[in-house]
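Structure record follows, encoded as structure tokens.
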Amino acid sequence: MSDHLARLNPEQRESVETIDGPLLVLAGAGTGKTRVLTTRFAHILLSRKAFPSQVLAVTFTNKAAREMRERVAAILGQPAEGLWLGTFHALAARMLRRHAELVGLNASFSILDTDDQMRLLKQVMEAARIDTKRFAPPALMAIIQRWKDRGLPPGRITAAEDSDFVAGRAKELYAAYQDRLRTLNACDFGDLLMHVTEILRGYPEVLAEYHRRFRYILVDEYQDTNLVQYLWLRLLAQGHQNICCVGDDDQSIYSWRGAEVENILRFEKDFPAARIVRLERNYRSTEQILGAAAGLIAHNTGRLGKTLRSGRNDARGDKVQVHGLWDSDEEARMVGERIEALRREGHASAEMAILVRANAQTRAFEERLITLGIPYKVIGGLRFYERQEIRDAVAYARVLNQPSDDLAFERIINLPRRGVGEQGLRAMHARARERSIPLTAAVMSLVEDGGLRGKVRDAMRGLLEGFARWRAGILQEGHITTMAVMLDESGYMEMWKQDKSVEAPGRIENLKEFVRALADFESIGGFLEHVALVMDNEQNADGDRVNLMTLHAAKGLEFDTVFLPGWEEGVFPSQRTMDESGLKGLEEERRLAYVGLTRARQRAIVSHCANRRIYANWQSSVPSRFIEEIPAEFVEMGGAGSLERERLLRAPSFGAQFPMMARRPQVQEAWEQPARAARADAIPVGTRVFHQKFGYGRVTASEDDKLDIEFEKAGAKRVLDRFVERA
DNA sequence: AGACACGGATAATCT
DNA sequence: ATCCGTGTCT
């Protein structure tokens with residue numbers, strides 16, 4: 001039992017051994033957070049404080065859940081079975097299935113994917129006679145999701161929480177959308193936690209049951225929780241107060257998805273007896289990298305304050321290198337050369353990563369690596385279950401599993417083409433509504449009474465008979481064979497075989513993989529639950545490949561060498577973030593930079609370009625302020641007299657903008673003094689101006705550095721004055 | 001139903 | 001530039 005504790009440092013040990021009472025562990029990057037969580041879990045079990053089924057352990061990702069399960073099993077020396085260990089959503093789904101009727105659902109409710117959600121909302125908007133061109137469904141969906149993130153069903157939305165989007169009808173449409181979901185016996189992602197939280201709030205006996213069940217609660221990546229997740233945890237922890245949350249406020253990079261760092265501060269308030277332990281000994285990176293990262297993140301305000309110290313006693317390491325390049329091609333070339341050189345020295349490709357701000361930036365590097373013949377893999381991007389053909393196949397499986405799944409049926413009714421158009425679909429919906437029956441039943445009745453004719457009628461009859469046959473086939477031949485037969489006989493597979501596009505062969509491969517994946521499940525229902533909750537993307541993990549991914553995707557990973565390209569104002573920090581979220585957005589970008597730097601064990605190579613292509617045209621760009629924010633003592637500029645640098649200095653129009661040599665334009669000053677009044681260069685009301693994106697317009701009002709402009713093409717917008725020029 | 005043209009948007013995405 | 005959804009014509 002002491003075995004697993006022996007290798008922990010004092011703070012880690014304290015985090016593991018403080019079992020009872022609320023505990024907040026502030027764990028900096030690379031300080032052994034996962035180890036603390038898993039050891040703590042095992043420690044609770046080994047010290048016989050609870051049975052495995054009495055511990056609730058929550059993570060954000062399936063990957064993290066899997067890892068924790070494996071490591072707990074390793075410490076225990078046996079498979080970790082029967083645990084309540086999983087992602088927020090998986091655990092919430094599990095709870096919701098047990099009490100679904102309390103929120104008007106049935107235990108077999110289906111979980112919708114984003115396509116279905118959007119189509120459903122659009123239907124609801126159209127039924128309410130909303131012009132979906134003026135009011136975009138995705139925009140309303142974002143508002144609804146934000147409400148769900150905050151644990152607000154339609155009935156809980158107060159005037160203060162309401163939105164004036166869609167002429168003040170957002171709340172009404174939200175209620176209609178929720179009604180539709182209930183009718184369909186379906187949930188979207190946000191519903192899982194919101195419904196469960198409503199149940200725990202409204203049914204004390206259910207809450208009491210979970211209080212009895214869960215003696216200990218463990219939470220990973222606590223800084224990324226949103227409000228509803230927080231409420232859920234607080235309700236569950238109310239009884240025994242044995243909750244341990246592990247997180248790092250400096251690595252909070254998901255606020256745009258509803259995460260609230262404030263949950264960390266709230267923790268101390270709601271659990272006044274909470275112990276707080278800081279893990280500050282970093283075992284990952286060199287002192288140079290830690291110094292650079294610490295100096296950078298120190299520019300943020302309102303931190304809980306941690307100072308990473310190196311827990312390693314090896315060499316101090318290399319300084320963080322910063323390269324200025326002419327353009328993105330040259331940047332890709334530089335990165336390629338460095339990778340080649342490292343490989344020649346015997347470094348493994350898998351120990352190198354290129355971390356970009358946005359997915360689109362990976363392309364330049366991919367092309368370069370292909371040219372050089374360096375194997376690489378792109379992490380993230382479209383996940384397996386997000387691909388079109390897989391979603392179609394899943395829709396087939398859903399109809400097979402539940403004939404009343406109208407959304408799934410509608411998706412595949414004309415895939416492959418069966419001659420069903422808008423007219424046909426309208427007739428089917430009308431029949432379904434008038435008799436209150438599912439779409440499949442409506443189609444059946446239309447086939448029988450002649451409501452459908454000719455080719456369509458034959459096709460529909462064939463399809464429905466097919467589903468009946470395949471459903472019977474599950475019992476005889478098993479679900480795996482049946483799925484393959486269904487994709488074949490329905491003509492879906494054939495559709496892709498006929499398709500001449502370059503993607504088609506890949507899609508057929510994916511479909512075969514899809515059928516193979518079924519083998520891991522005992523039933524279609526079990527498989528569908530997995531598909532809805534798990535978006536695994538463990539692609540070609542094999543081989544020694546350079547890693548290419550976004551900074552977001554890199555959280556939690558580490559590499560010997562990390563390339564951080566595109567550190568330019570507007571790109572990183574992203575202009576859009578700063579426009580939308582101001583100083584808060586900037587600080588989140590800075591945390592993203594901090595996450596990037598701290599991924600590196602041995603060396604970090606930052607780069608920026610003087611010219612970058614944005615959409616169609618080239619734009620000159622300025623080095624990111626984050627570069628200046630890294631203390632000079634940890635930085636080494638350029639590749640000492642590199643050709644790039646010389647050329648850059650000689651280039652007449654950009655020389656003045658070379659790294660650190662020129663004062664940045666107003667961008668930075670605007671943030672430093674946001675409230676500065678009546679500026680000398682203020683643009684007066686009535687002035688005709690030009691904006692890069694919106695074109696020409698006239699200023700109708702101004703406030704500080706913000707202007708209200710009536711654009712000739714784009715309509716009324718509020719923009720920052722530095723983005724417009726007098727026309 | 002299907003081909004083609006037009007206009008608007010264009011980040012990050014753990015489930 | 002390019003992708004996507006929508007509208008129009010055949």
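Numbers restart at 1 for each chain; the letters A, B, ... are given by sequence-line order, proteins then strands. When reading the values below, keep in mind they use all heavy atoms of this one structure, side chains included, and skip hydrogens, waters and symmetry mates. Bear in mind the structure is a predicted one, so any value in this text is a computation, not a measurement.
If you check every strand for non-hydrogen atoms under 4.0 Å, A:E422 touches sugar and phosphate atoms only. Within 4.0 Å (heavy atoms only), A:Q361 reaches no atom of the nucleic acid at all. Within 4.0 Å (heavy atoms only), A:K455 reaches no atom of the nucleic acid at all. Within 4.0 Å (heavy atoms only), A:G419 reaches sugar-phosphate atoms of the nucleic acid but no base atom. Residue contacts for A:N359: at a heavy-atom cut-off of 4.0 Å it reaches the sugar-phosphate backbone alone, with no base atom in range. Across all strands shown, A:S574 has heavy atoms under 4.0 Å from base atoms, whether or not it also approaches the sugar-phosphate.
Ring geometry for A:Y174 against A:W147 counts as parallel: the plane angle stays under 30°, on a 0 to 90° scale with 60° as the upper cut. Using cut-offs of 30° and 60° for the angle between ring planes, the A:W496 and A:Y492 rings count as perpendicular.
Side chain of A:R71 to backbone of A:T38: no donor-acceptor contact under 3.5 angstrom is found.
A donor-acceptor contact under 3.5 angstrom links the side chains of A:D579 and A:Q575, judged on distance only.
Stacking annotation: A:Y254 is not stacked on the base of B:dA12 (requires ring centroids less than 5.5 angstrom apart and an interplanar angle below 30 degrees).
Note on A:R417: a side-chain N or O is less than 4.0 Å away from OP1 or OP2 of B:dG2. A close approach under 4.0 Å does not occur between any side-chain nitrogen or oxygen of A:K148 and OP1 or OP2 of B:dT15.
The base of B:dA11 lies close enough to the side chain of A:T577 for a donor and an acceptor atom to sit less than 3.5 Å apart.
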